[in-house]
Participant: 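My questions all concern the structure below.
Each chain gets a letter, A, B and so on, in the order its sequence line appears, and its residues count up from 1. None of the values given here were measured: they were computed from a predicted structure. Just the heavy atoms: all of them, side chains too, but no hydrogens, waters or symmetry mates, feed the values below.
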Amino acid sequence: MKKNKTKTIQVNYLARVEGEGSLRVKIKGQKVSEVALKIFEPPRFFEAFLRGRHFTEAPDITARICGICPIAYELGASYAMEQACGVKVTGPIRDLRRLIYCGEWIESHALHVFMLHAPDFLGYEDAIHMAKDHASLVERGLRIKKIGNNIMRLLGGREIHPINLRVGGFYKVPLKKELEGLLDDLKWGRDAALQTLHWLATLTYPDFDQEYEFVAMRHPDEYAIIEGQLVSNKGLDIPIREYDRHFVEEHVERSTALHTIMKGRGPCHVGPLARYSLNFDRLPSFVQGAAREAGLESTCQNPFKSIMVRMVEILYAFDEAVRLIDRYQMPDRPFVEVHPKAGTGYGCTEAPRGICYHRYSINDAGLIVDAKIVPPTAVNQKTIEKDLWDFVAPRVDLPNDKLQWQCEQAVRNYDPCISCSTHFLKLDVIRE
Amino acid sequence: MAKVRKPKLAVWKFASCDGCQLSLLECEDELLALANNIEIAYFPEASRKVVKGPYDLSLVEGSITTAHDVKRIHEVRKSSRALVTIGACATAGGIQALRNFKDVKEFMSIVYATPKFISTLEKSTPISDHVYVDFELRGCPINKEQLLEVINAFLNGRKPNVSPHSVCMECKARGVVCVMVAHGTPCLGPVTQAGCGAICPAYHRGCYGCFGPKETPHTRSLSAQMKKLGASEADLVRVYRTFNAGSEAFQKESFLHEKK
């Protein structure tokens, strides 16, 4: 190859991610001269049309931001409204929220691990081609995913855009014996997750440890999913209501995307790696042991190993679901009454892809006057690009098709959820 | 024996949440069997492989909201033998059709600091406003059993068995007590097309119309009933303006309750 020749890796439509995005990497001679993760998902204006809606409608409406992680939106909106109105949901209703979130983690992580990400490691275009040679692996993945969806369906009414969640709790809560009907599958799932983790440990991962500022929620006694402080490995420790003081959406001149960065600190990394690395001590010891046995340390800075960390979280979610069902006592009422009160409320939960932040102001009549929603992929955008710069640099000599596939994989490490497009549009990086 | 050519399936996305195409991947029990009988020729959410068209069946998710997408849907139509829209966005403009009742420029300034960078149309429109559609599958999201039925029907050259009757029929078939009669809970079931299995009433809440209007819906009399139950005019506007706000019947009814 000539020294000054420019080559371009162009992926016009990123596959096996949710939503529409493209990627361009330009290499001039031996140097990366451009990385462009472009998001061409059309805007849908959720924050605008939430204005004037009743606060009780926010969970159903915001669910439509994302077909893969609707619970993150339904619960984020609910927590924010409850905070604004001075209501706290506790006891079995809170447990059920955690349980349905376990279902979302299981189905969403399983979709990513088995159908979107694993084919990269084994060299297949998709899970269906992979199934020809690895039938039992794909079948196991589908069954794990289905169990997650069964939790979603029992508690939420359906897998996509569940209908049973409301501000204050649920419309209807299950009988103990209905939940117990899930137990055999959940226990099978725990074993299957362990088995899959062992298998994932045998794959080859690029040597690519990165220096990130990890941001996740942290709870005094749980592996945080629905409530906690926002913490980082570099000293952040704040309640959710202070989010806007520390995170800002930057309008970058070269781009029409809003990039979330930490004020005065730069990009951060949210998602499974951040949760795991900040909350390893909150995992049950058998999950910690399984992670260590698979070769993971108590922190993980290699984004390619996110597939293993997701499997650790699936293992945890199965175990947590069993624990929550064991202690469940049906509450007298499926929800806490919430009366509107003028004010502002904040909600944040751990979507499968990372923190999902909500802020709403409502008036005395319960109508929304202002809304702000930040999905996890908006926060990770800058970090994904940074990864690509660092990843491509030592690999400029790889043949184009190989480099292209590896770059796609570097993006898929994040399981980016591009259709959560409330907050971003189009990203261009051009430096010549 | 001559090799039988598998029919080619393509899945396209416009403005949407991806939930309807995800329904295909949620067919955990049927997916591998389905893949044995059809060729998944274009489905970026699931595969990086791209097989060139024409396609025997195109499933289209999402609504048209940009000038680029207006062009793209014509290309999709040209390369498809049959084109089926899936979900409320593709059949009624989706939740993003709420912009149709407002000034989209104002919307842009609420969400984006520099609105001039944003390219979007003033209205969010269904696919059938732009090209001929062979069949519209309703729902926000669609029901996966109905999706399998539609794929099966098109690949076998028959009409899909998807009924246009109301959610009330499904409620009765399921033996669910009417939430409006028994509990006074407002419910869009009488004017909403079946397909979900009447889940909301089964979970003690009123239907919120995510499958859109049924054939010949009597929205006027339902609105009168909801008023009796305490709904204000403003409440009624919001009731009809959700995921199928752009559908003709719901849109018309919502205008009737808007302050002049």
Participant: For a 4.5 angstrom cut-off between non-hydrogen side-chain atoms, does A:Phe45 reach B:Thr120?
Facilitator: yes
Participant: Is there a side-chain contact between A:Leu111 and B:Leu22, using heavy atoms and a 4.5 Å cut-off?
Facilitator: yes
Participant: Report which part of B:Phe101 has an atom under 4.5 Å of a heavy atom belonging to chain A: side chain, backbone, both, or neither.
Facilitator: neither
Participant: Against chain A, label B:Asn143 side chain, backbone, both or neither, depending on which of its atoms sit under 4.5 Å from a heavy atom there.
Facilitator: neither
Participant: Quick one: what part of B:Ala88 sits under 4.5 Å from any heavy atom of chain A, side chain, backbone, both or neither?
Facilitator: neither
Participant: Is it the side chain or the backbone of A:His129 that comes within 4.5 Å of chain B heavy atoms, both, or neither?
Facilitator: side chain
Participant: Looking at A:Glu178, I want to see if its CD is surrounded by more than 12 non-hydrogen atoms of other residues, nucleotides or ligands under 6.0 Å.
Facilitator: yes
Participant: Counting only heavy atoms closer than 4.5 Å, note whether B:Ile142 contacts chain A via side chain, backbone, both or neither.
Facilitator: neither
Participant: If we define contacts as heavy-atom pairs under 4.5 Å, which of B:Gln96, B:Glu26, B:Arg241 has the most with chain A?
Facilitator: B:Glu26
Participant: Heavy-atom distances under 4.5 Å only: say whether B:Ile199 touches chain A with side chain, backbone, both or neither.
Facilitator: both
Participant: Tell me, do B:Arg205 and A:Lys172 make a side-chain contact under 4.5 Å, heavy atoms counted?
Facilitator: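 A side-chain contact under 4.5 Å is absent here.
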Participant: Any heavy-atom pair between the side chains of A:Asp60 and B:Thr242 that's under 4.5 Å?
Facilitator: no
Participant: Closest heavy-atom contact between B:Tyr203 and A:Tyr171?
Facilitator: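 Nearest heavy atoms, B:Tyr203 then A:Tyr171: O-CB, 3.2 Å.
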Participant: Taking every heavy-atom pair that is under 4.5 Å apart, which of B:Ile40, B:Thr66, B:Asp29 has the most such pairs with chain A?
Facilitator: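 The residue among B:Ile40, B:Thr66, B:Asp29 with the greatest pair count is B:Asp29.
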Participant: Sort A:Leu367 into side chain, backbone, both or neither according to what part of it lies under 4.5 angstrom from a heavy atom of chain B.
Facilitator: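 A:Leu367 touches chain B through side-chain heavy atoms alone.
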Participant: I need the residue from B:Gly197, B:Pro141, B:Ala15 with the largest number of non-hydrogen atom pairs under 4.5 Å to chain A.
Facilitator: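 The answer is B:Pro141.
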Participant: Looking at A:Glu107, A:Met115, A:Arg53, which makes the most heavy-atom pairs under 4.5 Å with chain B?
Facilitator: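 Max contact count across the listed options: A:Arg53.
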Participant: Which one of B:Ala35, B:Cys200, B:Cys140 has the most heavy-atom pairs closer than 4.5 Å to chain A?
Facilitator: B:Cys140
Participant: Nearest 0.5 Å, please: how far is CG in A:Leu116 from CD in B:Glu45?
Facilitator: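 So the gap between those two atoms works out to 7.0 Å.
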Participant: So what's closer than 4.5 Å to chain A heavy atoms on B:Ser23: side chain, backbone, both or neither?
Facilitator: both
Participant: Any non-hydrogen side-chain atom of B:Cys17 less than 4.5 Å from a side-chain atom of A:Arg44?
Facilitator: yes
Participant: For B:Asn36, which atoms come within 4.5 Å of any heavy atom of chain A: side chain, backbone, both, or neither?
Facilitator: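 The answer is neither part of B:Asn36.
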Participant: Under 4.5 Å between any side-chain heavy atoms of B:Lys49 and A:Ile128, yes or no?
Facilitator: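 No. Closest side-chain heavy atoms not under 4.5 Å.
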Participant: Which residue out of A:Ile61, A:Asn164, A:Asp370, A:Val173 racks up the most heavy-atom pairs below 4.5 Å with chain B?
Facilitator: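 It is A:Asn164.
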Participant: Restricting to side chain to side chain donor-acceptor pair (under 3.5 Å), what partner residues turn up for A:Asp133, sequence neighbours left out?
Facilitator: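 Partners of A:Asp133 by the side chain to side chain donor-acceptor pair (under 3.5 Å) criterion, ordered by chain and then number, come out as A:Tyr124.
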Participant: Would a distance-only check, ignoring hydrogens and angles, find a side-chain to backbone donor-acceptor pair under 3.5 Å from B:Arg48 to A:Glu408?
Facilitator: no
Participant: Of all of A:Lys132, A:Arg166, A:Arg51, which one pairs up most often with chain B through heavy atoms under 4.5 Å apart?
Facilitator: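 Among the listed options, the one with the most contacts to chain B is A:Arg51.
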Participant: Drop me the distance from B:Glu28's CD to A:Ile144's CD1, to the nearest 0.5 angstrom.
Facilitator: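 One gets 11.5 Å once the value is rounded to the nearest 0.5 Å.
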Participant: Determine whether more than 12 heavy atoms belonging to other residues, nucleotides or ligands lie under 6.0 Å from atom NZ of B:Lys102.
Facilitator: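 At most 12 heavy atoms, drawn from other residues, nucleotides or ligands, come within 6.0 Å of this atom.
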Participant: Atom CZ in B:Arg238, atom NE2 in A:His54: separation rounded to 0.5 Å?
Facilitator: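 One gets 6.0 Å once the value is rounded to the nearest 0.5 Å.
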Participant: Would you compute the distance between atom CD1 of B:Ile95 and atom CG of A:Leu50 and round it to the nearest 0.5 angstrom?
Facilitator: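 Rounded to the nearest 0.5 Å, the CD1-CG separation comes to 8.0 Å.
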Participant: Using 0.5 Å steps for rounding, measure from the CZ atom of A:Arg158 to the SG atom of B:Cys210.
Facilitator: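 Going from the CZ atom of A:Arg158 to the SG atom of B:Cys210 covers 4.0 Å.
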Participant: In residues 134-142 of chain A, which residues are in contact with chain B at a heavy-atom separation under 4.5 Å?
Facilitator: A:Val138, A:Glu139, A:Leu142
Participant: Drop me the distance from B:Cys20's SG to A:His161's NE2, to the nearest 0.5 angstrom.
Facilitator: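 The distance works out to 6.5 Å.
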